[in-house]
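Predicted, not measured: the structure shown is a model, and the values here were computed from it. Letters go in sequence order (proteins before strands), and every chain restarts at 1.
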4 protein chains.
Amino acid sequence: MEKKKIAVIGAKGFAARELITILLHHPDVDLLSLYDKLDKNEALVSNFPELRGLTDIAIQPIDPSNMNIDADVVFLALPHKVSQEYAPSCYNAGKIVIDLSADFRFENIDLYEKTYAISHQAKDLNRKSVYGLPELYRDKIKTSRMIGSAGCYPTSVILPCAPLMSTDWIDFNSIIADSKSGVSGAGRNPSPITHYVSCNESIRAYSIAGHRHTPEIEEKLSLRAGKNIRIQFTPHLTPMDRGILSTIYVNLTSEKEEVDIRKLYEEFYRAEPFVRILPENQFPATKHVSFTNFCDIGIKLDKRTNRLILVSAIDNLVKGASGQAVQCMNIILGVNETNGL
Amino acid sequence: MEKKKIAVIGAKGFAARELITILLHHPDVDLLSLYDKLDKNEALVSNFPELRGLTDIAIQPIDPSNMNIDADVVFLALPHKVSQEYAPSCYNAGKIVIDLSADFRFENIDLYEKTYAISHQAKDLNRKSVYGLPELYRDKIKTSRMIGSAGCYPTSVILPCAPLMSTDWIDFNSIIADSKSGVSGAGRNPSPITHYVSCNESIRAYSIAGHRHTPEIEEKLSLRAGKNIRIQFTPHLTPMDRGILSTIYVNLTSEKEEVDIRKLYEEFYRAEPFVRILPENQFPATKHVSFTNFCDIGIKLDKRTNRLILVSAIDNLVKGASGQAVQCMNIILGVNETNGL
Amino acid sequence: MEKKKIAVIGAKGFAARELITILLHHPDVDLLSLYDKLDKNEALVSNFPELRGLTDIAIQPIDPSNMNIDADVVFLALPHKVSQEYAPSCYNAGKIVIDLSADFRFENIDLYEKTYAISHQAKDLNRKSVYGLPELYRDKIKTSRMIGSAGCYPTSVILPCAPLMSTDWIDFNSIIADSKSGVSGAGRNPSPITHYVSCNESIRAYSIAGHRHTPEIEEKLSLRAGKNIRIQFTPHLTPMDRGILSTIYVNLTSEKEEVDIRKLYEEFYRAEPFVRILPENQFPATKHVSFTNFCDIGIKLDKRTNRLILVSAIDNLVKGASGQAVQCMNIILGVNETNGL
Amino acid sequence: MEKKKIAVIGAKGFAARELITILLHHPDVDLLSLYDKLDKNEALVSNFPELRGLTDIAIQPIDPSNMNIDADVVFLALPHKVSQEYAPSCYNAGKIVIDLSADFRFENIDLYEKTYAISHQAKDLNRKSVYGLPELYRDKIKTSRMIGSAGCYPTSVILPCAPLMSTDWIDFNSIIADSKSGVSGAGRNPSPITHYVSCNESIRAYSIAGHRHTPEIEEKLSLRAGKNIRIQFTPHLTPMDRGILSTIYVNLTSEKEEVDIRKLYEEFYRAEPFVRILPENQFPATKHVSFTNFCDIGIKLDKRTNRLILVSAIDNLVKGASGQAVQCMNIILGVNETNGL
């Protein structure tokens, strides 16, 4: 197969760096062009000195009104609201579009507009978009050209909850997800919150009862369960670069054995290359998935409280962003799903 | 007042170092002697170079069969099971005994024995012991000479839950405490778990559904509520030296306003020098209580799920161990409760 | 003695927070007022949540043209260039002025102006100023009301080098100081450089051959040696909150024994409460001086290369800034030099 | 080319993990077997949970008296002294042997024996061994079957110094290397020194004037210079997982221009795939080489002191150990030198 031509729009954030690094080592593609809102060309290495010697690509200026991109696949590593300005013209030019922002993740566009407090500028395209979480949407991804790649926290919560959605084992409104993220999740813009001295030697919760990823998680779990689900989701800022650990509590509605629950999970994810169900009494650590596309899941049934505790770990920049986006691309291109990952 | 003479048994762990540091700066006491299981005297500074120049005390050998301690107050900074070997003779010699281990924390001695899988060697003394959590046991501490200073995780969970125990607002079996601790909580013994490269850049859960602090928390909350309470408690190892953040989820049984819950808390802790109830939409960070005896508590009512989310932060080595022990001592000695803290 | 009234101008940086914390616990002073460039009063705790409950002082607006400060001592915790706008009117009103910036540290004002690329606006006052490094300038500090508190890197380099300056043991132009600082040294303003993800898991040199602290160090060492000294100084940004470790290399001009060099140091600093000369083959760690006003110094003579290696450690926010400033105040006020420290 | 069969002896340390990970992704080899001193087979994933799903290889018991290894290439990731017990029988069986310990790095076996305070058990084989630093020994590596892969600190010091060795620009006895290493450099065995709470928030020097890598560096530089060179080398333990930054000071013997020095370096390393000479006024950060086989070198001439300051950065586990060993293997096998790296 001829190598596919790749462009990335939005080349300056942490997810972009991760994406560029993955694409540079990917056997099936040629990363040809990088774009961002700029006045003139910028050297990629002045932005990411770690990439010196790996590529000579420059970052080129772009704006939505003047796009002429030579690419088979376009990744959008832009903030929400901005992605929707660029996606339609890429899509209409016949390209495969994989968006890493939240703009094309929702089936319910009203929920998106309420959550992000803006009106969506590309509702038609959104209707064509497929949620970029391969473990649950692989068949649809395969035949789509517009992907809204799943969010980092949602990936870490949906994957461990999904197998339960088609059972009658749980109280569907009892799900509590307590998630701990590394600081790269807060983005690359300097702020008092991301200052080293603010983050180091400290952990704190934020956006309690109001984080934007809650509706994304609820929509996807509700669709699978066939009923409206409300979850409790609390993110925490943890003193580390990367990784999300989600500790998830679910009330069972009847008595179960852990071995049966484990069986459900092992069968559900048997064929998945990137989901690892850990053995009994083993639980994930974010470090064990760092710089990988894995989602590790640990399972514990507390018979004393009749509660199921699930613990998942992902690398927020890989399985929670760029790795997942490339996994979606691999599926669409029909190459080995693990290539480059 | 003449300064009280202080001895510390168990002088080599993290809590001991913190305790020694606090006592050296305390206006009402003279730290006179340090003991540990040794063959011969050991320089304190060879164990804790940071204390050079602050004191000349050496660590002396001691064993339970040969104790002759000149002190008004004896702190035991020993592992559980070991403390109970030393406490009785100190107590019987008329001293005030403040134990930092779990040995004298339980009213239900059977629960202790089951939890720690040993038979207790000082049951009589345990009956005289008072739980060393001043905010809830101040009056009893005042007239006691035997204190089982409250555990680190229990302090971080009991304080934010206590005000609810005398209400009928909550489902008492819905409490979930998701706690994140710094590595000093794992003790000073080197192990694969506490190796820098294991902990750094990683967060993980441990002892899910089986941590020894669960029964301690449940006993104290049950006693306050007047009914048996089962909680779900999950500790996590977080890449930082010190601090515990507990995120606590409680289901309400009827609709409430956050302002009323906040009022309950502010009144409950109004006179407490070391509990800070944070204003609306402000939540604790462990760094904000580092090296202090504060317990910060943030409150959020999620009306969408009718769940109360409480977040507490303490320094595990101060309010979770040595600071709390000194606070208990201050109460017993009748000096200002905040002295030295 | 009646407590002295203290004001702090510049209340929002890391050094200010450290200074406020020290002053709040100081037995001889009342911290009465805080000022900064503001439009209206700001709550101190909104800026430093860790100080909740410790004080009710607000930060008040101030500008150099409208100063009416009720204080015996004024600390200036302002950037260089700004301090010199505020110092003269405080000084002329009879107050003791202790400046933490570089503005009043140089005897050679031309060197200051060249180094900081500005013209000094308070040259008269600068002539009255004493360098705030008590170990070397105690007598002059005692009788001064204008102190230019020594810089963080300079403190960590000057103290270990000073004893050698009055010997003929060394090649005075061979001094190389390789210094490693925690991120708080870079200030509280968010920037790409201080972003958590930039600093964490990385160490790097900066301002090689051009750091502004080089002339400050050289002036003070040259004055002691009675000849012009050129040093090589390289600062590094280290993934930790606080602390400076300086590893200093000096060529000896003849053969010496380490025991004699050690003797020189022990005698030089014998009476100093905050300098600890470590025993043979022991070397400092920044953690051993964290949150203290100590400067630890380790000494090693490499007979193979005939080079002396000195290693010093300070807490850049305490002995390198606020603790040192308070030590200077204690000297001027005639109270115990270690009070509050 | 048929894939080469690979065995690794010593499968439990940090370098082994890095090596296994690299080999599992290497296109030209099959990692077939892992060995360590064990009583019976051990699961690799119980030792390295991060490798779950990547391989099914178990770790097998082995001892030097009973070796029967089916492999074309054997990597020894063993401590010094132990490697020399295994190397001869592997070599004599015709395999390519790449040793990551210090056992086969010295040409001067007396220097080895003095430095490591043992007598060498495989002196014959040592005479055949080539120092595994491809940038300087590529031709010899190409035709050798016994490699003593270069040490981590030595790599970080030798590469930036090497170009100067064939000039007459410098004072050859003025070289001072101040090196800062992440904690993985201290090995995986738990100890008080590698405890998280010892390392975190602290930096310290160790083995001043006596580190075992000093003679290794001196031998290699002396051989290149054609004269005996003594360097000053000071390692530091830095609070990060991986990475070494070496700041190197060299006195020039005459006046030079930085541009000419830079030219020397750029030409010297022009063809090297893993050495990056940074542009003027840019200096390395360890993070920019993390998880890569790069050695970044920054250059600064301080005309004021006539001293050259070189700063190098490597990942101690990759270019400082496993990556370098694989690079050597690639050279011997005749495959692309960057394969798998």
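Contacts classified as salt bridge (Lys or Arg N to Asp or Glu O under 4.0 Å) and involving residues 278-299 of chain C (residues at least two apart or in different chains) are given here: B:Asp241-C:Lys287, C:Arg276-C:Asp296.
Between the side chain of C:Ser312 and the backbone N or O of C:Ser156, at least one donor-acceptor pair lies under 3.5 Å. When atom types are taken as modelled, the side chain of C:Thr21 and the backbone of C:Arg17 share a donor-acceptor pair closer than 3.5 angstrom.
At a 4.5 Å heavy-atom cutoff, the contact between C:Ile203 and chain D is made by backbone and side-chain atoms alike. Residue contact with chain C, scored on non-hydrogen atoms closer than 4.5 Å, is absent for D:Leu301. Both the backbone and the side chain of D:Ile208 come within contact range of chain C, with heavy atoms under 4.5 Å apart. When heavy atoms are compared at a cutoff of 4.5 Å, D:Ile309 approaches chain C solely by way of its side chain, counted from C-beta outward. Both the backbone and the side chain of D:Pro239 come within contact range of chain C, judged by heavy atoms closer than 4.5 Å. If you measure heavy-atom distances from D:Val183 to chain C, you find no contacts under 4.5 Å at all.
In this structure, CZ in C:Arg307 is found 7.5 Å from OG in D:Ser174, a value given to the nearest 0.5 Å.
Residues satisfying the side-chain contact (heavy atoms from CB on, under 4.5 Å) criterion with C:Pro192, sequence neighbours excluded, are A:Pro190.
Taking the six-membered ring where the residue is Trp, D:Tyr265 and D:Tyr269 present tilted rings, their angle falling between 30° and 60°. Between C:Tyr153 and C:Tyr206, the ring-plane angle classifies as tilted under the 30° and 60° cut-offs.
Side-chain polar atoms of C:Thr155 and C:Gln324 form a donor-acceptor pair below 3.5 angstrom.
Within 6.0 Å of atom CG in D:Asn108, more than 12 heavy atoms from other residues, nucleotides or ligands are found, so the atom counts as buried in its surroundings. The environment of D:Leu51 atom CG is dense: over 12 non-hydrogen atoms of other residues, nucleotides or ligands sit within 6.0 angstrom.
Contact count against chain D (heavy-atom pairs under 4.5 Å) is highest for C:Asp178 among C:Thr305, C:Asp178, C:Asp302. Contact count against chain D (heavy-atom pairs under 4.5 Å) is highest for C:Arg304 among C:Arg230, C:Arg304, C:Lys303, C:Arg204.
Contact residues of residues 242-262 of chain D toward chain C are D:Arg242, D:Leu245, D:Thr247, D:Tyr249 (heavy-atom distance under 4.5 Å). For residues 210-224 of chain D, the interface with chain C (any heavy-atom pair closer than 4.5 Å) comprises D:Thr214, D:Glu218, sorted by residue number.
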Stepwise, does the side chain to side chain contact (heavy atoms under 4.5 Å, CB included) test hold for D:Ile22 with D:Leu19?
-> CA-CA 5 Å; D:Ile22 294 172; D:Leu19 183 62; 5.5 Å; no
Given the rule in the side chain to side chain contact (heavy atoms under 4.5 Å, CB included) test, do C:Leu164 and C:Leu264 qualify, once you have shown the distances and angles that lead to the verdict?
-> CA-CA 8 Å; C:Leu164 298 169; C:Leu264 170 75; 4.1 Å; yes
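Within the 4.5 Å cutoff, no side-chain heavy atoms of D:Thr238 are placed close to those of C:Lys180.
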